Structures are given as C-alpha cells and as structure tokens.
Student: 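My questions will all concern the structure given below.
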Amino acid sequence: MKTFLFRSMIGIFFGAFIAVILTNSVVYFGEQDVLDGQLFLKNSLGSIFSGWFFTVSPLYFENTNLRLSQQTGLHFITVVVLYFILAFGIGWIPFTLKSFLLTLGLFIVVYSIFWTAFYLYFRNQMKKLNAELQEL
C-alpha cells in the first residue's frame, strides 16, 4: 500500500508537470495570450490521471505470483483501456475508427519499444548480480 501511495503521488506530480510544460509551450510558441480555462482544466486533469495510471500500473510486474506474460498482458490491457477512455473522453483522439486504429498501432509500437528496453535492462542487471554472487 505504501508503494502504491508513493507511486500515485509521483504519477500525479509528473502528470501535473507535463501539463504545465505543455501549457507553457502553447502560450510561448503558439503566441496565445489567453487560454480557455475549461480546456486547460480538462487537459490538465487528463494529464494528471495519465501520469497516475502509467506510474501505478507497473505494480503488476512486482507480483511474483504471475508469469511475465500475464504481467505484461494485464499491464497492457490496463493502460490501453484507461488511455483510450481518457483520450476519447477528453478529445485528444477523434472518435473515429481510423484514428483509433492509428493510435492503437502507435501505442503498440511505443509499448513494445519500452517493454523491450526495460526487459533488456533488467536482464542485464540480473546477469551482473548473478556474476557477483558467483564471485563470492
């Protein structure tokens, strides 16, 4: 529970940070003097919620009762469902089949890249730790 709460706070703060950076970028680079308050609130809350579920959902990978394929499947389904509900609800993605399929394809590619990078990193860490244990 402690880990869940800690990660929740990190995700919320990271999501809020991203919202502030994006808003400042729109103001600075978009040369917009006035922001729509309702749109800002909607997008900021979406960013905060995204930050939260992307930092909490990796807790699946710490459940040792599940195989890696189960952990990955549960994590993927969780983030895909939550992201698409959020993205369609807020309007980040137009509600069309074409935009859904395009975004899903991009999501799968990015997810695969990140999953592979983390897998290779932790496999390398495991090899180093096992080598150090063999030296003892």
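Computed from heavy atoms alone, side chains included, the values below leave out hydrogens, waters and symmetry copies. A quick note: this is a predicted structure, and the numbers were derived from the prediction, not measured.
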Student: Give me the atom names and distance for the closest heavy-atom approach of Q71 to N63.
Tutor: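 Smallest interatomic distance, heavy atoms only, reads NE2-O, 2.7 Å.
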
Student: Considering residues at least two apart in sequence or located in another chain, which fulfil the side chain to side chain contact (heavy atoms under 4.5 Å, CB included) criterion with I12?
Tutor: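 Checked I12 against side chain to side chain contact (heavy atoms under 4.5 Å, CB included); matches are I48, W52.
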
Student: Aromatic rings F100 and F88: how do their planes relate, parallel, tilted or perpendicular, breaks at 30° and 60°?
Tutor: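 F100 vs F88 ring planes: tilted.
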
Student: Can you list, by chain and residue number, the hydrophobic cluster partners of L66 when the side-chain cut-off is 4.5 Å?
Tutor: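 Grouped by the 4.5 Å side-chain rule, Y60, L74 form the rest of the cluster around L66.
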
Student: Using atom types as modelled and distance alone, determine if a side-chain donor or acceptor of T55 lies under 3.5 Å from a backbone N or O of S8.
Tutor: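 No, T55 side chain to S8 backbone: no donor-acceptor pair under 3.5 Å.
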
Student: With side chains defined as the heavy atoms from C-beta onward, is the minimum distance between L5 and K2 less than 4.5 Å?
Tutor: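 No, their side chains stay 4.5 Å or more apart.
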
Student: W92 and S50: which non-hydrogen atoms are nearest, and at how many Å?
Tutor: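 Distance-wise, the nearest heavy atoms are CZ3-OG, 3.8 Å.
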
Student: To the nearest 0.5 angstrom, please state how far the CD1 atom of I90 sits from the OG atom of S44.
Tutor: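 If we round to the nearest 0.5 Å, I90:CD1 and S44:OG are 9.5 Å apart.
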
Student: Distance from I18 atom CD1 to F13 atom CZ, nearest 0.5 Å?
Tutor: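 Rounded to the nearest 0.5 Å, the CD1-CZ separation comes out at 14.5 Å.
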
Student: Which heavy atom of S112 sits nearest a heavy atom of T116, and at what distance?
Tutor: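 So the two residues come closest at O-OG1, 2.8 Å.
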
Student: Report, as yes or no, whether the 6.0 Å neighbourhood of atom CD on Q125 holds more than 12 heavy atoms from other residues, nucleotides or ligands.
Tutor: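 Counting neighbours around CD of Q125, more than 12 heavy atoms of other residues, nucleotides or ligands fall under 6.0 Å, so yes.
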
Student: Is there a donor-acceptor contact under 3.5 Å from the side chain of S57 to the main chain of V79?
Tutor: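 Absent.
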
Student: Would F114 and Y119 show up in the same hydrophobic cluster when neighbours are defined by side-chain heavy atoms closer than 4.5 Å?
Tutor: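 Not linked; separate clusters.
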
Student: Measure across F61 and H75 and return the closest heavy-atom pair with its distance rounded to 0.1 Å.
Tutor: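 For F61 versus H75, the nearest heavy atoms are CE1-CG, 3.6 Å.
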
Student: Give the ring-plane orientation class for F49 versus F53, where under 30° counts as parallel, over 60° as perpendicular and anything between as tilted.
Tutor: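 Perpendicular, since the angle between the ring planes exceeds 60°.
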
Student: Connecting only ILVMFWY residues whose side-chain heavy atoms lie within less than 4.5 Å of each other, what is the rest of I113's hydrophobic cluster?
Tutor: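 When side chains under 4.5 Å apart are linked, the cluster holding I113 also contains V109.
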
Student: Are more than 12 heavy atoms from other residues, nucleotides or ligands located less than 6.0 Å from atom CZ of F84?
Tutor: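 Yes, because the 6.0 Å sphere around CZ of F84 holds more than 12 heavy atoms from other groups.
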
Student: In this structure, would L82 and I93 fall into the same cluster of hydrophobic residues linked by side-chain contacts under 4.5 Å?
Tutor: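 Same hydrophobic cluster.
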
Student: Which of parallel (below 30°), tilted (30 to 60°) and perpendicular (above 60°) describes Y111 and F76?
Tutor: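 Perpendicular, since the angle between the ring planes exceeds 60°.
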
Student: Would you say L68 ends up clustered with Y121 if hydrophobic residues are merged whenever their side chains have heavy atoms under 4.5 Å apart, either directly or through other cluster members?
Tutor: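 Different clusters: Y121 never reaches L68 through Ile, Leu, Val, Met, Phe, Trp or Tyr contacts under 4.5 Å.
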
Student: Can you tell me how far apart CD1 (I10) and OG1 (T3) are? Round to the nearest 0.5 Å.
Tutor: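 Interatomic distance, I10 CD1 to T3 OG1, rounded to 0.5 Å: 12.0 Å.
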
Student: Side-chain heavy atoms under 4.5 angstrom apart, residues restricted to Ile, Leu, Val, Met, Phe, Trp, Tyr: same cluster for L102 and Y83?
Tutor: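 Not linked; separate clusters.
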
Student: Please answer: with hydrophobic residues joined when any side-chain heavy atoms are less than 4.5 Å apart, are V80 and F118 in the same cluster?
Tutor: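 Different clusters: V80 never reaches F118 through Ile, Leu, Val, Met, Phe, Trp or Tyr contacts under 4.5 Å.
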
Student: Output yes when a side-chain donor or acceptor of S47 lies under 3.5 Å from a complementary backbone atom of N43, and no otherwise.
Tutor: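 Looks like no, no N/O pair under 3.5 Å.
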
